[in-house]
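Below: one structure, written as structure tokens.
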Amino acid sequence: MKDFDYSAPDNLQTATALLAEHGERARVLAGGTDIIVQLREGLKSADFVVDIKNIPELMALEFNPQDGLTLGGSTSCQHVYKHAELGTAYPALVDSTKIVGGWQIQTRASVGGNLCNASPAADTIPSLIVHQATCQIQGPAGPREVSVSDFCTGPGQNILQDGELLVSLKLPAPAANSSSAYERFIPRNEMDIAVAGAASWIQLDASGQTIEDARIALSAVAATPVIATEAAESLRGKPATAESFAEAGELAKNTASPISDMRGTTEYRVHLCSVLTQRTLARALARIQESNS
């Protein structure tokens, strides 16, 4: 590994100033589970590393059923899935944080870091998308807000400019009669990268029989995580049945433009879009029914 300078500031102003000063030669260390490996293997280089885990705003986890969730950019996956209320409020997010690496990784890896790493196969990004998360960003020009759905621009690339830092993620309060789920397919039982992944969110009407709204997002089937808009729109006003979910699953295939690699072929990944969409829709429905029983 190439030598680099290191700083662990305890406030946002110092952190963004250091990042701006060192520009593209600076790297952020949130949990370190990605960047340390990338630096060691020569996949990325850095002259200066800024460790942001000492900054209070970046370690926040604040949830209120009326206001929603604020999740600091460095808050670990483990803190998310161990929170007593988030499994009901944002189940797809909890599903995905439970499978980011093994439990040792999850004590360090953060949802914000998983997003900033911008892997097309990232597990938490589709879940953030279906829960309509927004990014709170701080930089030399001041704060700005960007939807998670617009954050990734390519494999390993995002919209952050020199000196900018992802401070937190904000998720709106959970809607009544709604739920979500995330699933991925991997060749091994655990600790593998998704061949394909899907997150689904649905909201039912007061009768509990008809879908009022839906959102579906897919991973590992394009250069960035993608929203299956056509599939989600097909569900609105339809009965919450396996037949409706099957139709949506077939439409979700239209969103995919995957590559073939050692983990799966293009054709197989497209097929998985349908399978995983149907499974996550069914699981979200089951969770609504369970909470209402």
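All residue numbers in this chain count up from 1 along the given sequence.
- Contact record, I193 with R263: O-NH1, 3.3 Å, taken as the closest heavy-atom pair.
- To the nearest 0.5 Å, atom CE of residue M59 and atom OG of residue S76 are 6.5 Å apart.
- If you take CZ on R25 and CZ on R27, they are separated by 7.5 Å, rounding to the nearest 0.5 Å.
- Distance check: I159 CD1 to E164 CD gives 6.0 Å after rounding to the nearest 0.5 Å.
- In R279, the CZ atom is not crowded: 12 or fewer heavy atoms of neighbouring residues, nucleotides or ligands sit closer than 6.0 Å.
- Between A231 and A248, the closest heavy-atom pair is CB-O, 3.3 Å.
- A heavy-atom distance below 4.5 Å is found between the side chains of L128 and V111.
- C135 approaches L169 most closely through the heavy-atom pair SG-CD2, 3.9 Å.
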L171 vs L93, test: side-chain contact (heavy atoms from CB on, under 4.5 Å). Steps then yes/no. CA-CA 10 Å; L171 283 67; L93 181 61; 4.1 Å; yes
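- The two residues S179 and A284 have their closest heavy-atom pair at CB-O, 3.5 Å.
- Using a 4.5 Å cut-off between side-chain heavy atoms of Ile, Leu, Val, Met, Phe, Trp and Tyr, V28 falls into a hydrophobic cluster with L12, L18, L19, F48, V50, I52, I55, L58, L165, V167.
- Within 6.0 Å of CG on N292 lie more than 12 heavy atoms contributed by other residues, nucleotides or ligands.
- Heavy-atom neighbours of H22 NE2 from other residues, nucleotides or ligands within 6.0 Å: above the threshold of 12.
- Residues E230 and N254 share a closest heavy-atom pair of OE1-ND2, 3.1 Å.
- Between Q203 and I211 there is no side-chain heavy-atom pair separated by less than 4.5 Å.
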What pairs of donor and acceptor atoms, side-chain ones from residues 113-122 against any protein atom, are under 3.5 angstrom apart with sequence neighbours left out?
{"from": "N114", "atom 1": "OD1", "to": "T124", "atom 2": "N", "distance (Å)": "3.2"}
{"from": "N114", "atom 1": "OD1", "to": "T124", "atom 2": "OG1", "distance (Å)": "2.6"}
{"from": "N117", "atom 1": "OD1", "to": "Q38", "atom 2": "NE2", "distance (Å)": "2.9"}
{"from": "S119", "atom 1": "OG", "to": "A121", "atom 2": "N", "distance (Å)": "3.1"}

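- One distance of note links NZ of K53 with OG of S74; it measures 5.0 Å at 0.5 Å rounding.
- Once rounded to the nearest 0.5 Å, the distance linking CD of Q278 with CZ of R283 reads 15.5 Å.
- Rounded to the nearest 0.5 Å, atoms CG (D213) and CD1 (I202) are 10.5 Å apart.
- Under the side chain to side chain donor-acceptor pair (under 3.5 Å) rule, S127 has a single partner from S96, S219, S180, which is S96.
- The environment of E145 atom CD is dense: over 12 non-hydrogen atoms of other residues, nucleotides or ligands sit within 6.0 angstrom.
- Across I137, I125, I129, a single residue satisfies side-chain contact (heavy atoms from CB on, under 4.5 Å) together with F151, and that is I137.
- Under a 4.0 Å N-O distance rule, the pair E290/R287 does not qualify as a salt bridge.
- Each of L69, D95, L71 was evaluated against Y90; a single residue qualifies, L69, per the side-chain contact (heavy atoms from CB on, under 4.5 Å) test.
- Residues L61 and H83 come closest through the heavy atom pair CD2-CD2, 3.5 Å.
- A single hydrophobic cluster is not seen to contain both L281 and L276; linkage of ILVMFWY side chains at heavy-atom distances under 4.5 Å, directly or through other members, places them apart.
- Applying salt bridge (Lys or Arg N to Asp or Glu O under 4.0 Å) to K238 and the options E243, E233, E247 leaves one that passes, E247.
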